[in-house]
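Notes follow the structure.
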Amino acid sequence: MNPRVDALLRTVQKAVQGHALTPVYALPPAVRHRLAGAPIVIDGNVLDPDLQLLLRLEALLPGSGGVPKSVAAARAGLLRGTALVAGPPREIQRVTELTVRGADGQLGARLYVPRTPGRGLLVFFHGGGWVVGDLTTHDAYCRDVAAETGVRVLSVDYRLAPEAPAPVAAEDAVAAFSWAVEHAEDLGADPSLVAVGGDSAGGNLAAIVAQQCVVRDLPSPALQLLLYPAVDLVGRRPSRDLFSEGFFLTEEEIMWYREHYTPDPALRPDPRVSPLFGPLEGLAPAYVVTAGFDPLRDEGNEYAAALTAAGVPTIHHQEPTLIHGFANMLNLGGATRAAQRRIHTHLKSVLNP
């Protein structure tokens, strides 16, 4: 590498180690793109250079790569990582801690109320492989959604594996969503404008909620928002090999999460674990977002196609230059921010017209 670029990269790395990502992305685009390196092109898609730089810096940080040493270490690592990429939390009218009904007792939750709220409510389930993640890891994202859309957001702290293996998270999600519909007016929302959504493992839970509402004859969501969802814990598709390492979510991590969430392999085809095998007819309208450099890309694309074939009103937006987890990367701007705003626009059109 050019010595000057190498020296600048080391300086940027130190900034990231100090949890100061904003100065990095304040550099001129030409400098950031040079630091990112030669363009990465896979399967006809070109990785966004700002994300490429982030991945390069992540690889240089101590302890990066490989599966977590423990569940506790993984949970702490996600907290640190999201704090770095999400940036400072946005100010909104109010954030209220409350409890909601789970499958077996009460669950923690947070209600995010925007400054000028409409009547819509998004019940949100965080990602993290059903093992990591919590209300704090996705606090900045929920604030951002509320601020940008005028939609109230109810983030639910469902129980995690391995303490609570599958299908506990799914049953918690169904119970929490049903509670939200029942109490929508108390939360300031219209019961007919309650949507369900989530990212990654949370997208899996949102898809399951939409299905189980039909199966159990419960009120259906106004929309299912599925951000790069995990929908099949049985099969394997080409994107798992194409992006097995180096693109935030690795193959090793996918398997680690799967083993913790479904220690009993016989549960993996259950629709409460793998919604790709569940009933699709008559489901709520769907907005599915997949990323071009995501090992889960192909199963998300397949699920969107299956929903469409089943007659479910579905909008599938592919983000060819982005990676898994981009929704939480609020500090980056550029293509990542543009993709986040497309999600906001659709949510607003449905829940706050």
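For the side-chain contact (heavy atoms from CB on, under 4.5 Å) with Leu330, the lone residue among Val85, Thr82, Asp144 that qualifies is Asp144. With Leu154 as reference, Leu98 is the one residue of Thr96, Leu98, Leu122 to meet the side-chain contact (heavy atoms from CB on, under 4.5 Å) rule.
By the 6.0 Å contact criterion, CD on Glu245 is open, its count of non-hydrogen atoms from other residues, nucleotides or ligands being 12 or less. The number of heavy-atom neighbours closer than 6.0 Å to CG of Asp241, taken from other residues, nucleotides and ligands shown, is above 12. Other residues, nucleotides and ligands place more than 12 heavy atoms under 6.0 Å from the CD atom of Glu97.
Counting only heavy atoms from C-beta outward, the side chains of Glu148 and Arg90 approach each other to under 4.5 Å. With contacts defined as side-chain heavy-atom distances shorter than 4.5 Å, the pair Phe177/Leu218 does not qualify. A heavy-atom distance below 4.5 Å is found between the side chains of Ile254 and Leu249. Counting only heavy atoms from C-beta outward, the side chains of Val71 and Leu160 never approach each other to under 4.5 Å. Here the side chains of Val174 and Val209 are in contact, with some heavy-atom distance below 4.5 Å. Looking only at side-chain heavy atoms (C-beta outward), Glu299 and Tyr303 stay at 4.5 Å or farther from each other. Within the 4.5 Å cutoff, no side-chain heavy atoms of His33 are placed close to those of Leu53. Looking only at side-chain heavy atoms (C-beta outward), Glu302 and Asp232 stay at 4.5 Å or farther from each other.
Val231 and Val289 fall into different hydrophobic clusters, where Ile, Leu, Val, Met, Phe, Trp and Tyr are joined by side-chain heavy atoms under 4.5 Å apart, directly or via other members. A continuous path of hydrophobic side-chain contacts links Tyr141 to Leu54 [ILVMFWY only; heavy atoms under 4.5 Å]. Hydrophobic clustering, with ILVMFWY side chains joined whenever heavy atoms are under 4.5 angstrom apart, groups Val151 together with Val95. With hydrophobic clusters built from ILVMFWY side chains whose heavy atoms lie under 4.5 angstrom apart, Val181 shares a cluster with Val196. A single hydrophobic cluster is seen to contain both Phe293 and Ile343, as judged by linkage of ILVMFWY side chains at heavy-atom distances under 4.5 Å, directly or through other members.
Using cut-offs of 30° and 60° for the angle between ring planes, the Trp256 and His260 rings count as tilted. By the 30° and 60° cut-offs, the orientation of the rings of His324 relative to Phe248 is parallel. Ring-plane geometry between Phe125 and Tyr158 is classed as perpendicular, the angle between the planes exceeding 60 degrees on a 0 to 90 degree scale with a lower cut at 30.
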Checklist entry - Under the side chain to side chain contact (heavy atoms under 4.5 Å, CB included) criterion, do Asp157 and His126 qualify, and how do the steps go? => result CA-CA 8 Å; Asp157 201 16; His126 66 78; 4.2 Å; yes
Next on the checklist: Walk me through whether Val350 and Tyr287 qualify under side chain to side chain contact (heavy atoms under 4.5 Å, CB included).
Outcome noted: CA-CA 11 Å; Val350 175; Tyr287 189 77; over 6 Å; no
Item to check | Stepwise ring-ring contact (aromatic ring centres under 6.0 Å, His included) test for Phe124 and Tyr112 | outcome: CA-CA 11 Å; Phe124 184 81; Tyr112 297 83; 9.2 Å; no
Checklist entry - What's the verdict on side chain to side chain contact (heavy atoms under 4.5 Å, CB included) for Leu242 and Arg297, showing C-alpha distance, side-chain angles and the deciding distance? => result CA-CA 10 Å; Leu242 286 171; Arg297 181 195 67 186; 3.8 Å; yes
Checklist entry - Does the pair Leu51 and Leu322 meet the rule for a side chain to side chain contact (heavy atoms under 4.5 Å, CB included), with working shown? => result CA-CA 7 Å; Leu51 285 170; Leu322 303 187; 3.4 Å; yes
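Of the N and O atoms on the side chains of Thr290 and His316, at least one donor lies less than 3.5 Å from an acceptor on the other residue.
Remark: the backbone N or O of Ala210 is not paired with any side-chain donor or acceptor of Gln224 at under 3.5 angstrom. Remark: the backbone N or O of Gly120 is not paired with any side-chain donor or acceptor of Asn352 at under 3.5 angstrom. In this structure, Ser178 contributes its side chain and Ala175 its backbone to no donor-acceptor pair below 3.5 Å. Between the Arg152 side chain and the Pro114 main chain, no donor and acceptor come within less than 3.5 Å of each other. Judged by distance alone, the side chain of Asp172 and the main-chain N or O of Arg159 form a donor-acceptor pair under 3.5 Å. No side-chain donor-acceptor contact under 3.5 Å links Asp43 to the backbone of Asn45. Between the side chain of Glu319 and the main chain of Thr336, no donor-acceptor pair closer than 3.5 Å is present. Although no hydrogens or angles enter the test, the distance criterion places no donor-acceptor pair under 3.5 Å between the side chain of Ser192 and the main chain of Asp190. Side-chain atoms of Arg268 never come within 3.5 Å of backbone atoms of Leu233 as a donor-acceptor pair (strictly under, hydrogens ignored). At distances below 3.5 Å, not a single donor-acceptor pair connects side-chain atoms of Asp199 with backbone N or O atoms of Gly325.
Less than 6.0 angstrom separates the ring centroid of Tyr228 from the ring centroid of Phe326.
Pairing each heavy atom of Arg75 with each of Glu163, the nearest pair is NH2-OE1, 2.9 Å. Heavy-atom minimum distance, Val156 versus Ala109: CA-CB, 4.3 Å. Across all their heavy atoms, Phe277 and Pro271 have their closest contact at O-CG, 3.9 Å. Nearest approach of Leu347 to Leu223, heavy atoms of both residues: CD2-CD2, 3.9 Å. The two residues Pro275 and Leu280 come nearest to each other via the heavy atoms O-CD2, 4.3 Å. Nearest approach of Arg110 to Leu135, heavy atoms of both residues: NH1-O, 3.5 Å.
Here CG of Asp270 is found 11.0 Å from OG1 of Thr262. Values are rounded to the nearest 0.5 Å. Separation of atoms CZ (Arg337) and CG (Asn331) is listed at 10.5 Å; rounding is to 0.5 Å. In this structure, Ile40 CD1 and Asp48 CG are separated by 11.0 Å, a value rounded to the nearest 0.5 Å. With rounding to the nearest 0.5 angstrom, the CZ atom of Arg56 is 7.0 Å from the CG atom of Leu35. Between Leu79 atom CG and Leu84 atom CG the span is 12.5 Å, to the nearest 0.5 Å. Rounded to the nearest 0.5 angstrom, Ile92 CD1 and Thr116 OG1 are separated by 12.0 Å.
For Arg240 and Asp298, the salt-bridge test fails: no basic side-chain N is under 4.0 Å from an acidic carboxylate O.
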